[in-house]
Amino acid sequence: MVNEQMKQKVKRRSQLRWVVGSIASGAAVLALATVALYPHQGHSQALTSAKVAAKPVSHGASSSKPIVYKNPPKSLIPQGRQLFAEDCQTCHGPQAEGSVRAPNLQGLGAATIDFWVSTGRMPLADPTEQATVKPPRLSHQQQLAVSAYVASLAPGGPAIPSPNLGLANLSKGESLFSENCAACHTITGVGDQLANNIYAPTLSVATPTQVAEAIRTGPGNMPRFGPGTFSNQEVDDIVRYVSYLQHPNDRGGLALGGVGPVAEGFVAILIGLGSLMVAGYWIGGRAQ
Ligand code: HEC
Ligand code: HEC
């Protein structure tokens, strides 16, 4: 008799569990749909208002062309040769041809040299040290000089880009970024650990030129996105989005303490999951 009752109870419970389970998965699907749709909507709204509010950030002043690439003036080459001999050649060799300590730099182009030197990655103090972002050792003018010198040694590689953010399209930049960059740098650009010793760094400090250089040259473990992948206009759009991430006063989400549209999406999940749990407890409680 007792056994019969127990069996009944167990049966009823498993039926209820099935009901709770279906409700839960239904709600989970809804929550996922919310995540898929909500941040995007929230974001586009924010972008529209940001576009109205923000004054265009213009690089290259009145230019009506997208990003331009220029090598530094040839007159800087002698100064660059001397700087290279002092700061780089012990590792990269006198003609930047490479050595056991460091790679060949010939043919990489001015943008690559400028990126590594202006972000403070180079010069390294010792070849086993990790090349990371730090305050640059060389002045802006010296960075251009070293880039001019290395670029003069062999043809190849992009020249130094000057993005034109005044012409850029922020919402296009946002979708290009979420499709091509967010997997490593996260959608807010805070960066992420990719593997044991590989980090995709935060994008909070890179200048527009450095962002364009990173896209076109692919530093370290980052893929290179050449002209076959992104047009110059698309590079401008992405750079514009990164600079928008760096200036969060443009963001939506004020009602949630200005945490921004992406965070709002997560709040939506939390609320969704919260009500799910309450529902689960409620039904579960009745099942006892
Ligand atoms: C103490 C040794 C050392 C010195 C000095 C040094 N480098 Fe490097 N450099 C390296 C090493 C090692 C790497 C490879 C690092 C990596 O891939 O993370 C490298 C990588 C680079 C790269 C990237 C190459 C590529 O294939 O993408 C550039 C550009 C560069 N160095 C430029 C310079 C310049 C310009 C200077 C002088 C201002 C300089 N380096 C000084 C050791 C050095
Ligand atoms: C596969 C992962 C991956 C993808 C995809 C990727 N990156 Fe990177 N990115 C990296 C890594 C790793 C580094 C660091 C390279 C190094 O220091 O050796 C980096 C460095 C950078 C830097 C330099 C930051 C600084 O301050 O020095 C910028 C800017 C950047 N990425 C922008 C982008 C943009 C924009 C996109 C999309 C078009 C993108 N990245 C796509 C992995 C990635």
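Just so you know, ligand 1 is whichever comes first in the structure, and atom 1 is the first atom listed for that ligand.
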Q) Any idea which part of P223 is under 4.0 Å from ligand 2, heavy-atom wise: side chain, backbone, both or neither? A) side chain
Q | For the student: nearest non-hydrogen atoms of P103 and H92, plus distance | A | O-ND1, 2.8 Å
**Q.** For atom 20 (C) of ligand 1, the protein heavy atom that lies nearest, with its residue and separation
**A.** M122 CE, 3.4 Å
Q: Give the atoms of ligand 1, by number and element, whose distance to some non-hydrogen atom of R101 is under 4.0 Å.
A: 12 (C)
Q: Examine ligand 2 and decide if any of its atoms is less than 4.0 Å from a heavy atom belonging to R121.
A: yes
**Q.** 4.5 Å side-chain heavy-atom contact, Q210 and S118
**A.** yes
Q | Donor-acceptor side-chain pairing of R216 and N232 below 3.5 angstrom | A | yes
Q: Quick one: look at V239 and ligand 2, take heavy-atom pairs under 4.0 Å, and tell me if it's side chain, backbone, both or neither.
A: neither
Q. If you measure from each non-hydrogen atom of L203 to ligand 2, which part falls under 4.0 Å: side chain, backbone, both or neither?
A. side chain
Q.
Could you tell me if S204 and T202 have a donor-acceptor pair between their side chains, going purely by distance under 3.5 Å?
A. yes
Q | Per-residue contact class, F115 against ligand 2 - non-hydrogen pairs under 4.0 Å | A | side chain
Q. Quick one: does G220 get a heavy atom under 4.0 Å from ligand 1?
A. no
Q.
Just to confirm my output: which protein heavy-atom neighbour is closest to atom 13 (C) of ligand 1, and how far is it?
A. P103 CD, 3.5 Å
**Q.** For V117, atoms of ligand 1 separated by under 4.0 Å from a heavy atom
**A.** 35 (C)
Q. For ligand 1, which atoms, with element, lie under 4.0 Å from some heavy atom of P127?
A. 1 (C), 12 (C)
Q.
Could you check whether any side-chain heavy atom of L76 comes within less than 4.5 Å of a side-chain heavy atom of Q141, counting everything from C-beta outward?
A. yes
Q: Provide, to 0.1 Å, the distance between atom 23 (C) of ligand 1 and the closest protein heavy atom, together with that atom's residue and name.
A: W116 CE2, 3.3 Å
Q.
Taking 4.0 Å as the limit for heavy-atom contacts, which would you say applies to C181 with ligand 2: side chain only, backbone only, both, or neither?
A. both
Q | Within-4.5 Å side-chain heavy-atom neighbours: N164 and K65 | A | no
Q.
Which residue and atom name correspond to the protein heavy atom nearest atom 22 (C) of ligand 2, and how close is it?
A. A214 CB, 3.8 Å
Q: Flag the pair F225 / I238 as yes when at least one side-chain heavy-atom distance between them is below 4.5 Å, and no otherwise.
A: no
Q | Enclosure of N197 CG (heavy-atom neighbours >12, cutoff 6.0 Å) | A | no
Q: Can you figure out which of A85, C88, S147 has its heavy atom closest to atom 36 (C) of ligand 1?
A: C88
Q | Contact check, side chains of F115 and R121, non-hydrogen atoms, under 4.5 Å | A | yes
Q. Between F230 and ligand 2, which residue portion shows a heavy-atom distance shorter than 4.0 Å: side chain, backbone, both, or neither?
A. side chain
(Q) Quick test: of every protein heavy atom, which one is nearest to atom 26 (O) of ligand 1, and how far off is it to 0.1 Å? (A) L108 CD1, 3.8 Å
Q.
Does Q130, at its CD atom, have more than 12 non-hydrogen atoms belonging to other residues, nucleotides or ligands within less than 6.0 Å?
A. no
Q. Which residue owns the protein heavy atom closest to atom 28 (C) of ligand 1, what's the atom, and how far is it?
A. L105 CD2, 3.5 Å
Q) Can you list the atoms of ligand 2 that are under 4.0 Å from a heavy atom of N180? A) 5 (C), 37 (C), 41 (C)
Q.
For atom 5 (C) of ligand 1, what's the nearest protein heavy-atom neighbour? Residue, atom name and distance, please.
A. D87 O, 3.2 Å
Q) In ligand 1, which numbered atoms sit nearer than 4.0 Å to a non-hydrogen atom of D126? A) 1 (C)
Q. Around Q82, counting heavy atoms of other residues, nucleotides and ligands shown, do more than 12 lie under 6.0 Å from its CD?
A. no
(Q) On a heavy-atom basis, I'd like to know which of T217, V133, T132, N221 is closest to atom 25 (C) of ligand 2. (A) V133
Q. Can you list the atoms of ligand 2 that are under 4.0 Å from a heavy atom of I238?
A. 35 (C)
Q) Nearest protein heavy atom to atom 1 (C) of ligand 1, by residue and atom, and its distance? A) C91 SG, 2.7 Å
Q | Heavy-atom donor-acceptor pair, Q233 side chain to L167 backbone, under 3.5 Å | A | yes
Q. Does the side chain of Q106 come within less than 4.5 Å of Q95's, by heavy atoms?
A. yes
Q.
Using only atom types and a distance under 3.5 Å, with no angle test, would you say the side chain of K172 pairs donor to acceptor with the backbone of D237?
A. no
Q. Is I160 close to P72 at the side-chain level, that is, under 4.5 Å between some pair of heavy atoms?
A. yes
Q.
Among all the protein's non-hydrogen atoms, which is closest to atom 14 (C) of ligand 2, and how far away is it?
A. P201 CD, 3.4 Å
Q: Confirm or rule out an N/O/S atom of H92, from backbone or side chain, lying less than 2.8 Å from atom 8 (Fe) of ligand 1.
A: yes
Q: Using a cut-off of strictly less than 2.8 Å, determine whether H185 has an N/O/S atom near atom 8 (Fe) of ligand 2.
A: yes
Q: Enumerate the atoms of ligand 2 whose separation from the nearest heavy atom of I215 is less than 4.0 angstrom.
A: 35 (C)
Q) Considering only the protein, which heavy-atom contact is closest to atom 3 (C) of ligand 2, and what is its distance? A) C184 SG, 2.7 Å
(Q) Counting non-hydrogen protein atoms only, what is the nearest one to atom 12 (C) of ligand 2? Give residue, atom name and distance. (A) Y199 O, 3.2 Å
**Q.** Atoms in ligand 1 with a heavy atom of I113 nearer than 4.0 Å
**A.** 29 (C), 35 (C)
(Q) What protein heavy atom lies closest to atom 33 (C) of ligand 2? Include the residue and the distance to one decimal. (A) M222 CE, 3.3 Å
**Q.** Side-chain donor-acceptor pair present, T112, E213, cut-off under 3.5 Å
**A.** no
(Q) If you take the nearest heavy atom of each of P219, A102, S99, which one is closest to atom 42 (C) of ligand 1? (A) A102
Q) What do we get for V146 next to ligand 1 when only non-hydrogen atoms under 4.0 Å count, side chain, backbone, both or neither? A) side chain
(Q) Surrounding OH of Y69 (heavy atoms of other residues, nucleotides or ligands, distance under 6.0 Å), is the total greater than 12? (A) yes
**Q.** L83/Y149 under side chain to side chain contact (heavy atoms under 4.5 Å, CB included): CA gap, chis, key distance, verdict
**A.** CA-CA 9 Å; L83 282 165; Y149 168 65; over 6 Å; no
Q) Quick one: are L203 and V211 in side-chain contact, heavy atoms under 4.5 Å? A) no
